[in-house]
Protein chains: 2
Amino acid sequence: MDEHRKAELNQILVLFYLAYRTFTDKPDQILSKYHLQRVHHRILFFVGHFPGLTIQQLLTVLEVSKQALHRPLKQLVELGLIRYTPAIHDKRSRLLTLTDAGQALEQELSGGQRQFLDQIFRTAGEGAEEAWVHIMAALSEKRPAFHFVEDLRRNTDE
Amino acid sequence: MDEHRKAELNQILVLFYLAYRTFTDKPDQILSKYHLQRVHHRILFFVGHFPGLTIQQLLTVLEVSKQALHRPLKQLVELGLIRYTPAIHDKRSRLLTLTDAGQALEQELSGGQRQFLDQIFRTAGEGAEEAWVHIMAALSEKRPAFHFVEDLRRNTDE
DNA sequence: GAATTTAGGTCAATTATATTGACTTAATTA
DNA sequence: TAATTAAGTCAATATAATTGACCTAAATTC
């Protein structure tokens with residue numbers, strides 16, 4: 001790889017870093033109002049997107065330890081943002097869903113991100129969204145959690 | 001926004017999350033071998049990409065407090081990965097550059113990221129890189145650090 | 001020239017968080 | 001019945017960030 005291309009890719013690495021930070025910035029500000037952190041947003045988002053997720057599944061997608069998830073999840077339940085619904089097939093599992101308040105906060109946190117992306121995709125040229133998604137999927141697909149989430153989605157869609 | 005589009009954008013949010021995690025995963029593994037963290041990679045990357053960066057500028061792009069930067073930067077200097085070169089114009093400033101060992105580690109950390117991106121862009125369709133960059137820039141451009149980095153780049157190029 | 005500001009360095013206290021390991025209960029599966 | 005699994009919790013340790021204070025030396029401003 002020549003120096004010019006390396007410099008070009010470095011600018012791209014900077015963009016990736018800044019874009020991700022910008023992306024989590026507004027939600028982080030909202031979270032801090034409630035004394036919550038990034039991990040709380042992740043929990044709310046995944047439970048909102050995959051209603052009925054179990055704790056085990058949540059641990060798998062977030063790739064954190066059970067002990068690390070314990071406190072933030074407990075807080076969200078105590079705040080009345082997440083509730084357990086009993087699982088019929090396996091009474092050991094606890095199915096996670098958002099309460100109305102949880103849905104409202106999730107919307108407050110992720111809604112801006114969705115609108116921001118939607119607006120950028122709409123103003124970008126034809127096929128830009130597909131290209132972006134293709135590249136992000138290529139970046140993700142070596143990851144075990146990627147396939148796990150794909151399987152989750154397929155099961156949820158049924 | 002209808003439910004279908006919301007679900008579509010949620011999948012995209014998942015991709016963003018997973019792509020970024022995948023992206024920092026290998027470097028994080030390498031860092032842990034040296035008992036270093038993400039912030040050390042960021043420092044090495046930005047100093048490597050902008051040789052002669054001052055501490056103030058580094059604080060601005062990383063958006064951390066002086067005290068938060070202090071320890072990891074000190075460690076990198078003590079490990080012989082980063083060196084101060086005296087500033088002629090302002091003797092208060094300390095210009096940061098990578099040592100040979102620092103360049104080697106930076107290459108080990110970011111080189112894989114650059115190659116990974118380069119390969120994906122090459123196998124993606126025509127214009128995919130431009131589209132991706134356009135979108136990531138749109139996501140970044142509201143950020144003060146984005147313009148700061150743009151200015152830095154212009155000054156470095158001169 | 002004196003006063004102020006700026007770049008950088010450091011210490012201490014507090015707070016937050018993650019990690020490892022161990023242990024428990026209840027339910028399911030082999 | 002025995003072994004495994006989902007979930008919950010405690011404790012100890014280590015890591016990290018944050019706030020606030022204080023310091024030196026160099027540069028600017030008045």
K.L.:
Please report, rounded to the nearest Å, how far the C1' atom of dA6(D) is from the CG atom of Leu58(A).
P.N.:
13 Å
K.L.:
Distance alone, cut at 3.5 Å: any donor-acceptor contact between the side chains of Arg114(B) and Gln119(B)?
P.N.:
no
K.L.:
Would you confirm whether Thr99(A), through its side chain, and Gly80(A), through its main-chain N or O, come within 3.5 Å as a donor-acceptor pair?
P.N.:
yes
K.L.:
Which is true for Gln67(A) with a 4.0 Å heavy-atom rule: it touches a base, it touches only sugar-phosphate, or it touches nothing?
P.N.:
base
K.L.:
Without decimals, in angstroms, what is the distance between Leu69(B) CG and dC11(C) C1'?
P.N.:
17 Å
K.L.:
Does Arg71(B) put a side-chain nitrogen or oxygen below 4.0 Å from OP1 or OP2 of dA16(D)?
P.N.:
yes
K.L.:
Run the side chain to side chain contact (heavy atoms under 4.5 Å, CB included) test on Tyr17(A) and Phe46(B) for me, step by step, so that the C-alpha distance in whole Å, both residues' side-chain angles and the decisive distance to 0.1 Å come before the verdict.
P.N.:
CA-CA 11 Å; Tyr17(A) 168 70; Phe46(B) 278 107; 3.8 Å; yes
K.L.:
5'-most contact on DNA chain C: Val39(A) or Thr54(B), nearest heavy atom basis?
P.N.:
Thr54(B)
K.L.:
Take atom CD of Gln56(B) and atom P of dT6(C), then tell me their distance rounded to the nearest Å.
P.N.:
10 Å
K.L.:
So which one's nearest nucleotide on DNA chain D is more toward 5', Lys66(B) or Gln75(B)?
P.N.:
Gln75(B)
K.L.:
Which one, dT28(C), dA26(D), dT17(C), comes nearest to the side chain of Gln37(A)?
P.N.:
dT17(C)
K.L.:
Grab the NZ-C1' distance between Lys91(B) and dT24(D) for me, whole Å please.
P.N.:
16 Å
K.L.:
Should the side chain of Lys74(B) and the base of dG9(C) be counted as holding a donor-acceptor pair, with the cut-off at 3.5 Å?
P.N.:
no
K.L.:
Looking at dT6(C), does its base get a donor-acceptor pair with the side chain of Arg92(B) below 3.5 Å?
P.N.:
yes
K.L.:
Calculate the interatomic distance between Glu63(A) atom CD and dT19(C) atom C1'; express it in whole Å.
P.N.:
16 Å
K.L.:
To the nearest Å, give me how far apart CG (Leu31(A)) and C1' (dA16(C)) are.
P.N.:
15 Å
K.L.:
Starting from P on dA7(D), measure out to CZ on Arg94(A) and report it in whole angstrom.
P.N.:
9 Å
K.L.:
Can you tell me if Glu63(A) uses its side chain to pair, donor with acceptor, with the backbone of Thr60(A) under 3.5 Å?
P.N.:
no
K.L.:
So, is His70(B) close to the dT10(C) phosphate, meaning a side-chain N or O under 4.0 Å from OP1 or OP2?
P.N.:
yes
K.L.:
Could you pick out which residue, Leu95(B) or His40(A), lies toward the 5' side of DNA chain C when each is mapped onto its nearest nucleotide?
P.N.:
Leu95(B)
K.L.:
Calculate the interatomic distance between Leu73(A) atom CG and dT17(C) atom P; express it in whole Å.
P.N.:
15 Å
K.L.:
So Phe16(A) and Trp132(B), would you call those rings parallel, tilted or perpendicular, with 30° and 60° as cut-offs?
P.N.:
perpendicular
K.L.:
Nearest to the side chain of Ile55(A), which nucleotide is it out of dA17(D), dA7(D), dG8(C)?
P.N.:
dA7(D)
K.L.:
At under 4.0 Å, does any side-chain N or O of Tyr84(A) touch on OP1 or OP2 of dG8(D)?
P.N.:
yes
K.L.:
Side chain of Asp90(B), heavy atoms from C-beta onward: which of dT20(C), dA27(D), dA7(D) has the nearest atom to it?
P.N.:
dA27(D)
